[in-house]
Structure formats: structure tokens, C-alpha cells
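Worth knowing before you read on, the calculation uses all heavy atoms, side chains too, and leaves out hydrogens, waters and symmetry mates. Atoms within each ligand, like the ligands themselves, are counted from 1 in listed order. Since the structure is predicted, the reported quantities are computational estimates derived from the model, not experimental observations.
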Amino acid sequence: MIAIYPGTFDPPTNGHLDLIQRGSAIFEELVVAILRNSDKVPLFSMSERIDMLRECTKQYKNVRIDCFEGLLVEYAAKQNAGAVLRGIRAVSDYEYELQMAWMNRKLDPRLETVFMMPAEAYSYLSSRLVREIMHLGGKVSGLVPPLIEQRMREKIKGDPTSIPGKTPRRKNRS
Ligand code: PNS
């Protein structure tokens, strides 16, 4: 079965990569699908995120990186996917994820949502917190792969405040 792992991945974290590894082990093919969201200005452009994710997942032969816009269920149908993979870190993720999974089921009953837990070590990790730590001049090693840390450093060019720090906490938690 083909599964879609959708998200914003701005930036990809070790938690995302942990989930990609777990997903690639149980699905025939895993498509990591980055949402093109015109509502927000991302830290990393779409092509930067595609490039970083490709580099960090090149060891998984059944993982493909792509982007999408519009409805996830429509994108999943075009990819012949039977499942959507989402990570659940804590109970607080559950409510939003359940709502989204139910809505996606309403829109396309053939598409299953599969929840997986990342390693416990990543249960508190989010892209939003990584951006905030970087903005405040903290260290993000161990939270993101070394390549992503390096790309973040290149982005700030010695000025951490150039990274948007206090993006409002979104319900959808990335
Ligand atoms: O990384 P995120 O921000 O938690 O991912 C959220 C994502 C991309 C999974 C979600 O926003 C989404 O699927 N957007 C596509 C639009 C859509 O299908 N909306 C209806 C979902 S119920």
C-alpha cells in the first residue's frame, strides 16, 4: 500500500524523520507530501524543504518527496494512496488529529488514517519550537539532522532574530 505522510516540515525535525523511518518500514511506498500553504510565509521555501527532505531520506528507497496544494484526499487519490500517516506525540495532538482524520474519512471513506508514535525522545519536539529556539539563539543539535541545523545557520547568517520566532501556536501543532 502507498501511504502519504503530509505536513508543513518547516523545518523537518528528527521527529519527522523518525516517523518516516517507521512508515517506510510498514508501507510499500511512503510519499512525504509538503503542503503548499499560501496563508503563511515559511522559513524555508518549498524547493529548500524538498531538497532537505530528499537528502535526509535518501537511504530509504521506498520514500518519495513531493508537494501538494488543495485537499489532501484529492492528492492521495491521484497518488493511488490507501493511507495517510500522521504522528501523535501526546494526548494534546489527538483531538485535532482525530477531527482531521474523521473529516478526511467523510471526504473519502477509502482513505485510512494511520497514527504512529515517534520515539519518546521526540515527543516534545515540533518545528515551531525549533524555529523559536533558533530565533532566541539556542542550540538545535539533536532536534534536527545536522544538515538542517547547518541550513538554519546559513539562513540566519549570524542574526538569529531573522528567523521568525513567535509564530502563533497553531492548533495543528507543526
Ligand atoms: O504539519 P502540519 O501543519 O500539521 O500538517 C497539516 C496538514 C498538511 C496535514 C493539513 O493541513 C492538510 O492536510 N492540509 C490540506 C488541506 C486539507 O485537505 N484540509 C482538510 C483536512 S481535514
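- Listed by atom number, the atoms of ligand 1 under 4.0 Å from Leu71 heavy atoms are 17 (C), 18 (O).
- Taking every heavy atom of Met100 and a limit of under 4.0 angstrom, the matching atoms of ligand 1 come to 9 (C), 10 (C), 21 (C), 22 (S).
- Residue Arg86 has at least one nitrogen or oxygen atom sitting less than 3.5 Å from a nitrogen or oxygen atom of ligand 1, judged on distance alone.
- Sorted by first and then second residue, the ring-ring contact (aromatic ring centres under 6.0 Å, His included) pairs involving residues 27-64 (not counting sequence neighbours) form an empty list.
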- [ ] Could you please spell out the steps behind the side-chain contact (heavy atoms from CB on, under 4.5 Å) verdict for Glu74 and Asp108?
- [x] CA-CA 9 Å; Glu74 285 178 5; Asp108 185 351; over 6 Å; no
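- Counting atoms of ligand 1 from 1 in the listed order, those under 4.0 Å from a heavy atom of Asn104 are 21 (C), 22 (S).
- In terms of polar-atom proximity, defined here as any N/O pair under 3.5 Å, Thr8 does make such a contact with ligand 1.
- Atom CD of Gln21 sits about 11.5 Å away from atom OG1 of Thr57, to the nearest 0.5 Å.
- The main-chain N or O of Ser126 is never found under 3.5 Å from a side-chain atom of Arg131 such that the two would form a donor-acceptor pair.
- Counting the atoms of ligand 1 from 1 in the order shown, those under 4.0 Å from a heavy atom of Leu72 are 13 (O), 17 (C), 18 (O).
- Close approach of ligand 1 to Met103 (heavy-atom distance below 4.0 Å) involves ligand atoms 22 (S).
- Side-chain N or O atoms of Asp10 include none that pairs as donor or acceptor with a backbone N or O of Pro42 at under 3.5 Å.
- Side-chain atoms of Arg86 do not come within 3.5 Å of backbone N or O of Leu98 as any donor-acceptor pair.
- In the vicinity of Gly70, heavy-atom distances shorter than 4.0 Å reach the ligand 1 atoms 15 (C), 16 (C).
- Side chain to side chain, Glu95 and Gln99 fail the donor-acceptor criterion of an N or O pair below 3.5 Å.
- Residue-level proximity to ligand 1 for Gln99 is absent, since no heavy atom of it falls below 4.0 angstrom.
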